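This report refers to the structure that appears directly beneath it.
Read the numbers this way: they start at 1 and go in the same order the structure lists the ligands and their atoms. Start at 1 with the first residue, then count along the sequence. If you're wondering where the values come from, they're calculated on a predicted model, not measured in any experiment.
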Amino acid sequence: MRRELRQDGVLSDSDEGDIQPEQRPRSLQACRRCGLWRNATQPVPGVGGRRATIMLVGEQPGDKEDLAGEPFVGPAGALLDKAIAQAGLSRDAVYLTNAVKHFKWELRGKRRMHKSPAQVEIAACSYWLEKELASIKPQVIVALGATALGAVLQGGKRSLRESLGKVFKRGDTSVIASYHPSYALRTPDPQSRRAAFETIVDALSKARRLAGEGKQ
Ligand code: URA
């Protein structure tokens, strides 16, 4: 991957040209299917019981997750925990993962800021998401945000807003679209933040009903 110092002082990397979809690595640690491993501390695998009936898919690990090696342990994770509890679920009842397993970032000042993964990186990482789906076989997937929805449904770009509240099918598995918890954190006005949070809770509640789950 090429690293470039842009005129605004941001250190950024070039996305394209480091994709090796022919590679079939045995472990996430050894994965070089795209170049994101170079700037990440470690890959962040999914967590949860192998018998979980609900899988939550986010976009990619953030700064805290990159350091901890676990998904959703930062601020977005704290909000997601609240939504999970409000929906009558527990973290143990769900399997949590991301569409992309390495943190993609750019340096702004001294902070590593989230950078959206490129479509080729999402496609390269679907190798791992598909393995998780085949192993966990969830009854319901909640896609947290547009990147996750596209990765799970593999159908190219879909409008997240128009997908909210709908139940899609992926084989026998139901797929529910929701906002990403980071969106519910970042949206400037409090009313929209509350509405986004409620949308996430609604999606999780619907997932619980579809999967026949109660609080465990
Ligand atoms: N955002 C995500 O999409 N996933 C995480 O694990 C953390 C933040």
- Short side-chain to backbone donor-acceptor contact, Arg208 and Ala87, under 3.5 Å: yes
- Message: As an exercise, identify every atom of ligand 1 less than 4.0 angstrom from a heavy atom of Gly58.
- Response: 3 (O)
- Glu132 bridged to Lys101 by N-O distance under 4.0 Å: yes
- Considering the heavy atoms of Pro71, write down every atom of ligand 1 situated less than 4.0 Å from one of them. 6 (O)
- Item | Non-neighbouring partners of Glu130 that pass salt bridge (charged side-chain N to carboxylate O under 4.0 Å, His left out), sequence neighbours left out | Arg170
- Message: For Phe168, does the six-membered ring have the charged nitrogen or CZ of Arg158 within the cation-pi criterion, i.e. under 6.0 angstrom from the centroid and within 45° of the normal?
- Response: yes
- Message: Does any N or O of ligand 1 fall below 3.5 Å from an N or O anywhere on Ser182, backbone included?
- Response: no
- Looking only at protein heavy atoms, what sits closest to atom 4 (N) of ligand 1 is Asn98 OD1, 2.7 Å
- Query: What protein heavy atom sits nearest atom 5 (C) of ligand 1, and how far away is it?
  - Reply: Gln60 O, 3.4 Å
- Message: Do Arg112 and Phe103 form a cation-pi contact, if we require the NZ or CZ to be under 6.0 Å from the six-membered ring centre and within 45 degrees of the ring's axis?
- Response: no
- Message: Strictly distance-based, threshold 3.5 Å: is any side-chain N or O of Gln60 a donor or acceptor partner for the main-chain N or O of Lys104?
- Response: yes
- Query: When only distance counts, is Phe72 in polar contact with ligand 1, meaning an N/O pair under 3.5 Å?
  - Reply: yes
- Query: Under a heavy-atom criterion of less than 4.0 Å, does His180 contact ligand 1?
  - Reply: yes
